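These notes are about the structure you will find just below.
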Amino acid sequence: MFKKILIANRGEIACRVAATARRLGIRTVAVFSEADAGARHVLACDEAVAIGGATPRDSYLRADRILAAALATGAQAVHPGYGFLSENAGFARDCIDAGVVFIGPPPEAIAAMGSKSAAKTLMERAGVPLVPGYHGQDNDPALLATAAARIGYPVLIKASAGGGGKGMRRVDRAEDFGAALASCQREAKSSFGDDHVLVERYVQRPRHIEIQVFGDRHGNCLHLFERDCSVQRRHQKVLEESPAPGLSAERRAEMGAAAVAAAQAVGYFGAGTVEFIAEQLDDGDLRFYFMEMNTRLQVEHPVTEAITGLDLVEWQLRVAAGQPLPLRQDQLAINGHAIEARVCAENPDGGFLPATGKMEVLRWPPHIEFERTSAQDPVRVDAGVGEGDAISPYYDSMIAKLIVWGENRAQALARLDAALAATHIVGLHTNAAFLRRVVRSTAFSTADLDTALIERERAVLLNQPPLALEVAAAGVVARALSDEAALAGADPWSRRDGWRLHGGARRHFDIEHAGAVHAVALARPHGSAADARFELQIGSDRWPLGLRPQADRSSAVHELTLGPRRLRLAVYGHGERVAVFAPEGSAVLRQIDAIAHAGEGAAEGGRLSAPMPGKVIAYLVKPGERVSLGQALAVMEAMKMEHTLNAPRDGVVADLLYAVGDQVAESGELLRLQD
């Protein structure tokens, strides 16, 4: 076994690999960019080497610097994680040529599966079923448009060298094909350095089911069952689970055999995933087609670990060290059900635009880290960040992975719902509340799955009413009174909790909730402060409120009664912002200082501002051009994805305020419209 390895990655996967290496007694070397100098993965390793600037192309994609760091530190092997250089055949070859073991498949297998077009040709020869489409090398736009017409709309354009939903577009009409192709190729070139694409028939109501495969250098190859990754947004996975609901034992065996055949066709060893698109038939069965093979460890590998009890990173290390696979196919079995939720810094109600900022609060449910879940430890969190860390615009938006295990799917669902409810992140937009809505939705809970689930369930998943105003207001009040009680200490003359010698008292709170400002009053009847009896007043509505201000300011939890309900709220404040978490949901409010905000005016209209930090990729209009509400005006790139920005109103383009290629801060004005 190796004595020292270098981890050529960052974030949670680097922490994940380091945890297994530490358990096996293997020393680790981290690499880091300027933006990651104090990152958690740097602290998780025994040594760390700086490799360049903040952007991936200046650091984590610099194969020469990473290999030099491995040689300088005496690392015997390099683990690439996923993303970055993990599927770069040239990097794998350079490691081997330098006498450093690449913890992954042979470069020839990476190259064979690195091109979706070439891989599909290879799979066709191996007898693995394929989706009808065009997989040729000629990418002339006219030829591709002709192929799309022959295949029949809707079609899917996919970057041949891509993954993670980047460089992928569904096209429903021939007249939209040219623009979609150009956008696809731009994104593919930016993300993978290769703008080659393929075109396939878009399978209606498809499920995305993948098979985890493993091979060794001794000719052994097996599969570790399937994962259903159908719940996606923008072709990127949101929830993954294993085993796949409703998959028969016969179909599981057939898909597993096809996946092993695909791996053997390229002489594969190490961890890999063969991805299938599964068409749902009228009789409830599935017809599956090969999509691609990911020649690396997948983001969602923890669900396979949860149902098998295995450590897949340990298997990777043992195979790379020349050892045979620890088990045979007939020794593997599925135990229970596991689901993974990807907690990301993004705004689901804003088109899933990525978010950046500092995590002022980051609280997880009781959990273990980087270990398989079990009946004793049903919740696992894989994270590469901690409270106080910032999510930057340079890397992927994923904050962490929340993995639960249950004896069956119903128990796993209940545990995931509870775990998401106990996940509190304050300081930037996240998808945590959205994930909980998906988990609680009828479609997901009944396993009515397909890759369009989020889109077809938009009405119940997106733009939902926030936490009820009276509950949110009660949280603001409870926090304010507790803060004052803590400041006053035992001095009764410093207390401002509403106690009066004669008569009652009122406190006023102006709060902004869901875009509207509300005048909230807290009335205290005549009596002792120890009684803790209040009345919450919002307009003409009244609620009896019972609470006892707590003197421990370090605790965010407040126990109270609101009318007949007993509530347990977690409340966090940062400046004017107050975040309230309740069992049924959460809300971020603004507690308004009426004096400080007396002079605020209305926002200026006619602006097109960047909704997130990023780079200007293209302007689709010129100064002097007349535009209409909703028209596409500009394209930005942020966190490896393209985002099209539309006109906020009718008007004429007065000026373009940035050049193509410029970096723009969040809320930076891109262009100005005039009447």
Side-chain angles (χ1 to χ4, degrees), residues 1-31 40-42 44-46 70 75-87 92 95 100-105 110 210-217 220-225 227 240 242 263 268-273 294-327 332 338 340 367-374 377 380-384 398 400-401 403 405:
M1 182 51 73
F2 308 112
K3 294 182 179 179
K4 181 188 287 188
I5 65 171
L6 181 143
I7 304 171
N9 217 295
R10 65 178 300 278
E12 61 86 16
I13 185 57
C15 295
R16 163 75 186 92
V17 175
T20 290
R22 188 182 310 112
R23 181 173 61 79
L24 296 177
I26 301 171
R27 291 181 62 81
T28 52
V29 180
V31 292
R40 191 178 181 194
H41 79 274
V42 175
C45 293
D46 299 296
Q76 300 164 287
V78 171
H79 194 301
Y82 47 72
F84 297 133
L85 296 171
S86 63
E87 294 181 284
C95 288
V100 176
V101 175
F102 180 77
I103 303 174
I110 297 175
E210 60 189 29
I211 305 290
Q212 176 74 60
V213 295
F214 239 104
D216 61 24
R217 297 172 185 264
N220 302 308
C221 191
L222 50 75
H223 70 86
L224 291 92
F225 313 111
R227 298 184 289 256
E240 301 102 344
S242 185
Y268 199 86
F269 57 76
T273 302
N294 291 302
T295 53
R296 54 173 167 79
L297 195 67
Q298 290 279 87
V299 176
E300 56 274 19
H301 75 274
V303 295
T304 297
E305 293 183 324
I307 63 150
T308 61
L310 303 172
D311 184 331
L312 298 194
V313 173
E314 179 180 345
W315 275 38
Q316 283 188 297
L317 294 170
R318 294 192 180 282
V319 167
Q323 299 179 16
L325 291 176
L327 298 173
L332 298 169
E340 174 181 290
H367 66 280
I368 58 171
E369 289 189 342
F370 308 117
E371 298 284 350
R372 73 166 292 268
T373 53
S374 68
D377 298 297
R380 163 177 163 179
V381 175
D382 284 13
M398 190 169 69
K401 302 181 308 197
I403 307 105
W405 177 91

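Values in this document were obtained by computation on a predicted structure and should not be read as measured data.
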Going by salt bridge (charged side-chain N to carboxylate O under 4.0 Å, His left out), name the residues that satisfy it together with [X], two or more places apart in sequence or in a different chain.
| X | value |
| --- | --- |
| R227 | E210 |
| R318 | E314 |
| E240 | R342 |

Looking at residues at least two apart in the chain, or sitting in another chain, which of them share a side chain to side chain donor-acceptor pair (under 3.5 Å) with [X]?
| X | result |
| --- | --- |
| E340 | none |
| D377 | none |
| E371 | none |
| D311 | R16, T20, R23 |

Non-neighbouring partners of [X] that pass side chain to side chain contact (heavy atoms under 4.5 Å, CB included), sequence neighbours left out:
| X | answer |
| --- | --- |
| V29 | K4, L6, E47, V49, T73 |
| A92 | F102, P107, I110 |
| L327 | L310, W315, Q331, L332 |
| A400 | W364, V381, A383 |

Problem set entry | Residues in ring pair (Phe, Tyr, Trp, His ring centres under 6.0 Å) contact with F2, at least two apart in sequence or another chain |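 For F2 there are no ring pair (Phe, Tyr, Trp, His ring centres under 6.0 Å) partners, ignoring immediate neighbours.
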For this session: Please check if any side-chain donor atom of H301 sits under 3.5 Å from a side-chain acceptor atom of Q212, or the reverse.
Result: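 Checked: H301/Q212 side chains show no N/O donor-acceptor pair below 3.5 Å.
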Exercise. Out of curiosity, F370 CZ to C15 SG, how far, rounded to the nearest 0.5 Å?
Worked result: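 Reported to 0.5 Å precision, the distance equals 4.5 Å.
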